[in-house]
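In what follows, a structure is listed as structure tokens, so that the remarks can point back to it.
Remember, it's 1-based here, ligands and their atoms both numbered in the order they're listed.
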Amino acid sequence: MTDRLRLAVPNKGRLVEPTLRLLHDAGLVFEEHDRSLVAHVQNHELDILFVRTSDVIEFVGDGVADLGITGLDLLAETGAELPRLRDLGYGRCRLAVAVPNDAPFGRVDDLAGHRVATAHPNTARRFFDQRGVAVDVVPISGAVEVAPRLGLAEGIVDLVSTGSTLAMNGLREVGDVLVSEAVLVSNPTADRDRRAELEAIDTMVGAVIAARDRKYVMMNAPADRLPELEDLLPALESPTVIPLAHDGMVAIHSVVGADEVWGLLPRLKAAGASGLLVLPIEKIVP
Ligand code: AMP
């Protein structure tokens, strides 16, 4: 069947584990046989192709796959103009300019006339060109952070998440090039011709992402405290209010930001709520 949709995902590296978790959480049933090239999804007309993170874009661009998951930094680097359906909220990092701690460079512009090593040469060139800073970009494919120590370059442009790798290598940041995270992209033709099918996948994936940072909160309260409690509860639209068997009491259900729960519970309690329950949400389709 050539009709099945194909989704290209990374087979190695740091995006693999969160990507597989997302797809399983979205409800797709498939087995990864040691990440062999293709996994057949049992409950959807979809095949998952496991390829190198950097090859995902080529697979999607060529139409070998209809959809792909990769890093935004790699999309920027290839310059491929693929429709970007959704930012996925993991694989977050920054592409940053860094120099050795003891180097006499305080700002990006101070690197003018020097060499900058990077695995993102196109993005780096674009960045320095736009700022009118003439540097010599030295393309290398890995271990970018050791380039200054090896005498290959005076500065680097590299991916940073916590900054600990830079610190370990005696480097400090002097500027940001771009912010990246994992993204869902599509083939332009598939985006046009198979729109509804792509949207189905995107909706399932989006439902998981939307649910991840929200919680379902339930509580009982005296009905006359409702206005006060409603003020504290944003919910998706408005909170659900259900009368209880006991006269004058209601149950209130609402959806709140996961990071708000901590501050919210004591305030709800103080506003008359009791029997507060906080539950995880699996999926939200707004
Ligand atoms: P890989 O080299 O296969 O592990 O995948 C690298 C991709 O993971 C990058 O292109 C980024 O999109 C993403 N990523 C997220 N955080 C980092 C980080 N701290 N260092 C490198 N890559 C990162």
Side-chain angles (χ1 to χ4, degrees), residues 7-23 25 32 34-39 48-61 64-65 67-100 116-127 137-150 152-153 155-186 205 208-209 212-213:
L7 165 67
V9 303
N11 65 351
K12 264 198 238 124
R14 63 180 77 220
L15 296 183
V16 173
E17 190 270 329
T19 299
L20 291 176
R21 187 152 22 99
L22 175 66
L23 299 179
D25 287 354
E32 314 108 55
D34 285 332
R35 318 247 151 85
S36 59
L37 182 63
V38 186
I48 300 175
L49 310 186
F50 293 95
V51 304
R52 281 177 19 197
T53 311
S54 51
D55 289 344
V56 167
I57 294 163
E58 209 166 310
F59 272 68
V60 175
V64 177
L67 291 159
I69 292 179
T70 190
L72 189 56
D73 58 300
L74 297 171
L75 196 60
E77 179 59 19
T78 57
E81 300 204 350
L82 301 179
R84 192 167 135 199
L85 302 190
R86 191 175 289 276
D87 295 348
L88 300 175
Y90 60 86
R92 286 203 166 114
C93 55
R94 289 170 299 118
L95 194 59
V97 185
V99 297
V116 175
T118 183
H120 294 74
N122 296 325
T123 317
R125 266 190 214 108
R126 225 178 304 133
F127 172 77
V137 171
V138 181
I140 56 175
S141 57
V144 175
E145 64 282 355
V146 299
R149 230 180 310 142
L150 295 178
L152 268 174
I156 63 167
V157 168
D158 200 12
L159 293 171
V160 183
S161 41
T162 60
S164 61
T165 307
L166 286 188
M168 248 161 41
N169 286 282
L171 301 165
R172 65 182 155 82
E173 282 179 54
V174 288
D176 266 338
V177 177
L178 65 82
V179 175
S180 176
E181 67 183 276
V183 288
L184 177 66
V185 292
S186 65
V205 165
V208 174
I209 294 166
R212 279 185 176 161
D213 53 7

Could you list the atoms of ligand 1 found under 4.0 angstrom from a heavy atom of [X]?
X	result
Arg92	16 (N)
Gly71	12 (O)
Cys93	11 (C), 14 (N), 15 (C), 16 (N), 17 (C), 23 (C)

Side-chain touch [X]/[Y], heavy atoms, less than 4.5 angstrom:
X	Y	value
Asp87	Ile209	no
Ile156	Leu166	yes
Leu22	Leu88	yes

Provide, to 0.1 Å, the distance between [atom] and the closest protein heavy atom, together with that atom's residue and name.
atom	value
atom 19 (N) of ligand 1	Ser161 OG, 2.7 Å
atom 12 (O) of ligand 1	Asp73 OD1, 2.5 Å
atom 3 (O) of ligand 1	Thr53 OG1, 3.2 Å

Could you check Asn11 against Val51 for side-chain contact (heavy atoms from CB on, under 4.5 Å), going step by step and ending with a plain yes or no? CA-CA 5 Å; Asn11 65 351; Val51 304; 5.5 Å; no
Under 4.0 Å, heavy atoms only, figure out whether ligand 1 is touched by the backbone of Leu15, its side chain, both or neither.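 Side chain only.
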Test of understanding: given a 4.0 Å heavy-atom threshold, classify the contact between Arg52 and ligand 1 as side chain, backbone, both, or neither.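 Contact part for Arg52 vs ligand 1: neither.
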Nearest to atom 17 (C) of ligand 1 by heavy atom, Arg14, Glu77, Lys12: which? Arg14
Take a 6.0 Å sphere around CD of Glu58 and say whether it holds more than 12 heavy atoms from other residues, nucleotides or ligands. no
Consider ligand 1: state whether an atom of it lies below 4.0 angstrom from any non-hydrogen atom of Gly91.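 It does, in that a heavy atom of Gly91 comes within the 4.0 Å cut-off of ligand 1.
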Of all residues at least two apart in sequence or in a different chain, which pass the side chain to side chain donor-acceptor pair (under 3.5 Å) check with Arg86? Asp202
Which residues share a side chain to side chain donor-acceptor pair (under 3.5 Å) with Thr118, sequence neighbours left out: none
